[in-house]
Amino acid sequence: MTDTEIEITADLVRDLLEEQHPDLAGLPIREVEGGWGNQMWRLGGELAVRMQRMDPTPELQLKERQWLPVLAPRLPLPVPTPVRLGEPSERFPKHWTVMTWVPGEPLDHGSISRGAHAADALAGFLRALHVEAPAEAPISTDFGAHPRNCRDGFENLFRAVVPDDIAADVRAVWDDAVASQAWEGPRVWVHGDLHPANVVVSDGTLSGIVDFGAMFAGDPAWDLAAAWVLLPDGTASRFFDTYALADEAAIRRARGLAAMKSLFLMLMGQNGDRGLPGGKPHWGPAGRAALDRVLKGV
């Protein structure tokens, strides 16, 4: 059995806790639905265990371990923060981390009914996050590029899932983003992967942000795309008014990136409908709804 084929069970999680953090081993353990690169297990009422699964390297977890304790205190929404570190062992040759649990329901299984409140909450969160990062902050090779450098990824998604009746409109949004001016400000902290499974909602509004494995220092437009990917119809303009730090070029880049992210959600939905590994059937409708919002603009 290879590392990627190790079956992660509640018994395994408990065994690892008994070996490395025995004071936590008696807490109730239950699996949390979702997760691909990492698998999450709820530990008691206030903690979670994040287990490296499909991620080929521990880089994403190690990045969260290093930087979330620095970022969390200044963020206005709850985020997971590491409280105990699990090291590779003979029993499980990968990294795992005990983190604080962020209460709420993932947006891909919930909804936002208080759109104005959610827009303000997201804008306030991103204003607090998007501050100049230190020189040693990570730089992403997968996220953070100008749309003009993401053409291959966009074209693959475009060919796979864009309906013919809106293809020209989607292409126009993308071409406008490609033609936009590049980010010229300082490298700021960016979550990088804001989509419905990486935020949680409570009482009809945004209540927490999770999964910072993609975080990097760079162009904030990658997060500003969430104005369309996460927020309900008609709230993007309120978000940008409240955020108040995005110029026209940043909004154009963000809109193009939102189109690409929407297509990704649609592809994951398509893969789920086909029964392919990692597919998420319920992401398809969420992606199409986000794409419709993108086409409406700000």
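Computed from heavy atoms alone, side chains included, the values below leave out hydrogens, waters and symmetry copies. Quick note: residue numbers are just sequence positions, from 1.
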task: Quick one: do Gln20 and Glu87 satisfy side-chain hydrogen bond (donor to acceptor under 3.5 Å, both in side chains)? Show the steps, please.
output: CA-CA 8 Å; Gln20 300 189 33; Glu87 301 305 326; over 6 Å; no
query: Could you go step by step and tell me if Asn198 and His195 meet the side-chain hydrogen bond (donor to acceptor under 3.5 Å, both in side chains) rule?
result: CA-CA 6 Å; Asn198 285 346; His195 62 69; 3.2 Å; yes
task: Would you sort out whether Ser262 and Arg288 count as a side-chain hydrogen bond (donor to acceptor under 3.5 Å, both in side chains), showing the intermediate values?
output: CA-CA 7 Å; Ser262 300; Arg288 178 55 199 264; over 6 Å; no
field: Straight-line distance of Lys94 NZ to Met51 CE, nearest 0.5 Å
entry: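 Reported value, rounded in 0.5 Å steps: 9.5 Å.
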task: To the nearest 0.5 angstrom, please state how far the CG atom of Leu206 sits from the CG atom of Leu107.
output: 8.0 Å
Does atom [atom1] ([X]) have a neighbourhood of more than 12 heavy atoms from anything else shown, all under 6.0 Å?
X	atom1	answer
Asp165	CG	yes
Glu155	CD	yes
Glu136	CD	yes
Asp152	CG	no
Glu105	CD	yes

query: Counting only N and O atoms by type, is there a donor-acceptor contact under 3.5 Å from the side chain of Ser140 to the main-chain atoms of Phe216?
result: no
message: When you compare the side chain of Ser111 with that of Val201, does any pair of heavy atoms fall below 4.5 Å?
response: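 Result no, sub-4.5 Å side-chain heavy-atom pair not found.
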- prompt: Got Trp96 and Gln52 here, is their nearest side-chain heavy-atom distance under 4.5 Å?
  reply: no
message: Would you call the rings of Tyr243 and Phe239 parallel, tilted or perpendicular, taking 30° and 60° as the class edges?
response: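 Parallel.
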field: Salt bridge present between Asp108 and Lys280 (N-O < 4.0 angstrom)
entry: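 No salt bridge links Asp108 with Lys280.
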field: Pair Trp189 and Phe125, ring centroids less than 6.0 Å apart
entry: no
message: Determine whether Val79 and Leu71 satisfy the following criterion, side-chain contact (heavy atoms from CB on, under 4.5 Å), listing intermediate values before the conclusion.
response: CA-CA 9 Å; Val79 300; Leu71 296 173; over 6 Å; no
